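Here the structure comes first, spelled out in structure tokens, and everything after it is commentary.
Order of listing sets the numbers, starting from 1, for every ligand and every atom in it. The structure displayed is predicted, hence computed values, not measured ones.
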Amino acid sequence: MRSLDRLFETSARALASRTSRRSLLAALGQALTGAALLPLLPIARGSRAQAADARSKTKGPESCEYWKYCAIDGYLCACCGGTSTSCPPGTGSSPITWIGTCHNPDDGRDYIVSYNDCCGKTSCGNCSCTRNEREKPLYRPSRNNDLNWCMANADSNYHCTVSVILGVAEK
Ligand code: ABN
């Protein structure tokens, strides 16, 4: 047991003679700085960016849950070769439309949105989306959106619907 004590004492003294207080403080400082910088490593930021990307895909222009579609009734043009604001090639926008007011959760504002039908081809059939917020039943025809807004076009075939922001709704 005494020889074990002596062994530890000798090695502790040898280490103390080789290590200064300054080098001990420097090592401690490096360890603390490293720990503080850990959350900034790209791995952490990458995983957060991936989660945001996945969220935007489920609630983006090809999803019926997208905020701009709150009063839509039709096929989403974003799933039919167009975008949420432009008609697919070979179709034209209806001049008469349905108007809604939708809340944008990203900036907390309400926007006036026009739902134009795209006309000139038969029904697209992709991404059917019927939300119709604040719509009234069919017996109030002027407040009902279950209409083919292509009725005034030369080719009244309905293909899909776009949603165009007209402005911010004033309170
Ligand atoms: N506004 C889209 C639509 C077209 C035809 C019939 C009902 C709704």
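Side chain of Ser94 to backbone of Cys150: no donor-acceptor contact under 3.5 angstrom is found. When atom types are taken as modelled, the side chain of Thr83 and the backbone of Ser86 share a donor-acceptor pair closer than 3.5 angstrom. Although no hydrogens or angles enter the test, the distance criterion places a donor-acceptor pair under 3.5 Å between the side chain of Glu135 and the main chain of Asn145.
In this pair, Tyr75 and Tyr158 present their aromatic rings parallel. The plane angle is below 30°, not in the 30 to 60° band.
Contact check for Pro95 versus Asn153: side-chain heavy atoms found under the 4.5 Å cut-off.
Considering only non-hydrogen atoms, atom 8 (C) of ligand 1 lies nearest to Leu147 out of Asn148, Leu147, Asn157.
Under 4.0 Å from ligand 1, the heavy atoms of Asp117 that appear belong solely to its side chain.
Residue contacts with ligand 1: Gly74 is placed with no nitrogen or oxygen under 3.5 Å of a nitrogen or oxygen of the ligand (distance criterion only).
Among protein heavy atoms, the minimum distance from atom 2 (C) of ligand 1 is reached at Asp73 O, 3.1 Å. Distance from atom 7 (C) of ligand 1 to its nearest protein heavy atom, with residue and atom name: Asp146 OD1, 3.4 Å.
Every atom of ligand 1 with a heavy atom of Trp149 under 4.0 Å away is listed here by number and element: 1 (N).
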